[in-house]
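Numbering of ligands and ligand atoms starts at 1, following listing order. Values in this document were obtained by computation on a predicted structure and should not be read as measured data.
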Amino acid sequence: MSADRSGPVLVLILGDQLSPALSSLADRHPDDTVVLMAEVMDEATYVRHHKAKIALVLSAMRHFAAELREAGWKVDYVELDDPANTGTLTGELARAVARHGARGVQVTEPGEWRLRQAMEQWRTDLPVRLRVLPDTRFICPLPDFYAWAAGRKELRMEWFYRDMRRKTGLLMEGDKPVGGRWNFDAENRAGPEPGATFPVPPHFAQDSTSSAVIALVQQRFSNHFGTLDNFCWPVTRAAAQALCMHFINKRLPHFGRWQDAMVTGQDFVFHSLLAPAINLGLLDPLDICRAAEAEYHAGRAPIEAVEGFIRQIIGWREYIRGMYWLDMPGMATANHLDAHRPLPDFWWTGETKMRCLSEAVRTTRDNAYAHHIQRLMVLGNFALLAGLKPAEVADWFLAVYADAYEWVELPNVAGMALHADGGRLASKPYAASGAYIDRMSDYCGSCAYKVQLKTGPQACPFNALYWHFLARNEGKLGRNPRLAQPYANWRRMSEEKRTETLASADAFLATLEPAEPGWARQA
Ligand code: FAD
Ligand code: DLZ
Ligand code: SF4
């Protein structure tokens, strides 16, 4: 390693830090700075990401490097196939420090705990000083979140969200919420309507950079889950902006009402599809919210749509991120309900007679996307009721979605979907029987199971599993006031009916084939 340390400052930019306003660049000048970006096998395989996610990240990284160069920055970009590539961020950083005789390194804090730990090690191992800067792309700085959480018994999103509305001024009239209410969630629960039509998302033509990356991913990650046939994600800031405008003009007015609806073959309904671009740093969350707010004030989108959308971003997204850093590393191993069943094989193959689940896995495989209710109330609900092991479920969610990074995936899986955190995030588990899925989707009509039947081989498995879940967790959940009604119903059932229900659920659970190990995370 070179001992000359009079070189530039090296700014390491990670694959989901593709924003020109990044804190690690803010106090730097191009004359005295080298930006390092590195494609490394470790990041593509620590969980075996969906092919489309790898293609998205690598193509967006290459486009961002070009954007930075155009703006005058010197970018040292290491491609995956570079013969000298060590395959790790640690290795590439060490090589680059030596290559440039760097006098210091700086980086914006990462989105995952494992990398934050690696950075602490870099402090010791690198021959130069490392500065880790806060990620200012979030609206709520972490110290503010910790201060909000300190001393509270219950960390409910709704209270955090109201503070964020006051702080940003979004949808506020003085200190009062526009429309007289903070939350229009009750108006956001319409089921699908026969004959409804949905806007087609814009198609982004692949340039030579994306084509090269897609060929690389086909070749190097052919054994990863998912297909690249429908690759549809924006990889540049301009394309992300175009997708955002499509959402604002075509989808936002209907977003609220049909936020929870699921429709066969309609993979996107009225959702924004913006999470991959926001999480990569191609879009600024506050800008999007202000654009949505303007639609309300212009009379082009109703309050329930605009409030619902803004709540997802300044409420849920910021709250989830705060909870991740507040509760890590314990969140990764939390298993409050002692769930130990291995992930079933059909989570990868989609081969199940349960229509709702085969649809959710299909869109996941085809698009690296499923919308929120498919994630929460189909996949998550099934995992909760069947008692799937939280760590395996979390690995799956982290691997398969184009928008998945641990800071946002894990709290949603362990906290919101699986109640593995013992209720830190949600006051009751999001558990539901087949009736909920039937109300919110058109799936049950074409399912091999009958949603009206409660027990037996033809019955919708969610029905008996729901009671099985409540019965086996009665010790932990039986005194939860929000579950008083379902537990009262369970206790009112005849002994015979209860036995039949539990036997039906057990018979179904016995049919689940565990997935081969190694699909999400190599042993
Ligand atoms: P829309 O429905 O259009 O919502 C608008 C935006 O709000 C999203 O783009 C996103 O930025 C934000 N948002 C909405 N809900 C949440 C939430 N619960 N947490 C954080 N942000 C939210 N989101 C991810 O970004 N990455 C993940 O890995 C991820 N994993 C999830 C796992 C489970 C089990 C569940 C229940 C939810 C998960 N979510 C995750 C949250 C949410 O499902 C996705 O953000 C959303 O489906 C992305 O699609 P969209 O951009 O069309 O979102
Ligand atoms: C997801 C991902 C992938 C697939 N590849 C890379 C990469 O080659 N280089 C890189 O810097 N980042 C990559 N990423 C994004 C990182 O995994 C992400 O920055 C961390 O998970 C922190 O959120
Ligand atoms: Fe899903 Fe049950 Fe409906 Fe089938 S009947 S689609 S398993 S909820």
Engineer: Looking only at distance, does Glu112 have an N or O less than 3.5 Å from an N or O of ligand 2?
Structural biologist: yes
Engineer: Does Phe309 have a non-hydrogen atom less than 4.0 Å from ligand 1?
Structural biologist: yes
Engineer: Applying a strict 4.0 Å limit to heavy atoms, is Tyr319 in contact with ligand 1?
Structural biologist: no
Engineer: When you check the side-chain N and O atoms of Glu406 and Tyr46, is any donor under 3.5 Å from an acceptor?
Structural biologist: no
Engineer: Would Phe268 count as a contact residue for ligand 1, given that I'm defining contact as a non-hydrogen atom of the residue lying under 4.0 Å from a ligand atom?
Structural biologist: no
Engineer: Do ligand 2 and Arg114 have nitrogen or oxygen atoms that lie under 3.5 Å from each other?
Structural biologist: yes
Engineer: With a heavy-atom distance limit of 4.0 Å, tell me whether Leu80 approaches ligand 2 through its side chain, its backbone, both, or neither.
Structural biologist: neither
Engineer: Could you tell me whether some N/O pair between Val413 and ligand 1 is separated by less than 3.5 angstrom?
Structural biologist: no
Engineer: What about Asn279: any of its N or O atoms under 3.5 Å from an N or O on ligand 1?
Structural biologist: yes
Engineer: Give me the one residue out of Phe231, Phe268, Tyr401 that meets ring pair (Phe, Tyr, Trp, His ring centres under 6.0 Å) with Tyr369.
Structural biologist: Phe268
Engineer: Compute the shortest N/O to N/O distance between His371 and ligand 1 and return yes if it is under 3.5 Å, no if not.
Structural biologist: no
Engineer: Geometry only, no angles: is Leu376 polar-contacting ligand 1 at N/O separations under 3.5 Å?
Structural biologist: no
Engineer: Asn183 vs Arg165, test: side-chain hydrogen bond (donor to acceptor under 3.5 Å, both in side chains). Steps then yes/no.
Structural biologist: CA-CA 11 Å; Asn183 185 316; Arg165 289 271 294 277; over 6 Å; no
Engineer: Heavy-atom pairs closer than 4.0 Å: do any link ligand 1 to the side chain of Tyr369, the backbone, both, or neither?
Structural biologist: side chain
Engineer: Indicate yes or no: does an N/O atom of Ile54 lie under 3.5 Å from an N/O atom of ligand 2?
Structural biologist: no
Engineer: With a cut-off of 2.8 Å, does Cys460 put an N/O/S atom close enough to atom 3 (Fe) of ligand 3?
Structural biologist: no
Engineer: Short N/O distance, under 3.5 Å, between Glu43 and ligand 2?
Structural biologist: yes
Engineer: Mind checking whether Ile320 has an N or O less than 3.5 Å away from an N or O of ligand 1?
Structural biologist: no
Engineer: Just wondering, are more than 12 heavy atoms of other shown residues or ligands nearer than 6.0 Å to NZ in Lys454?
Structural biologist: yes
Engineer: Quick test of your reading of the structure: of His271, Lys53, Gln312, whose heavy atom lies closest to atom 14 (C) of ligand 1?
Structural biologist: Gln312
Engineer: Can Thr108 and Asp135 be counted as having a side-chain donor-acceptor contact under 3.5 angstrom?
Structural biologist: no
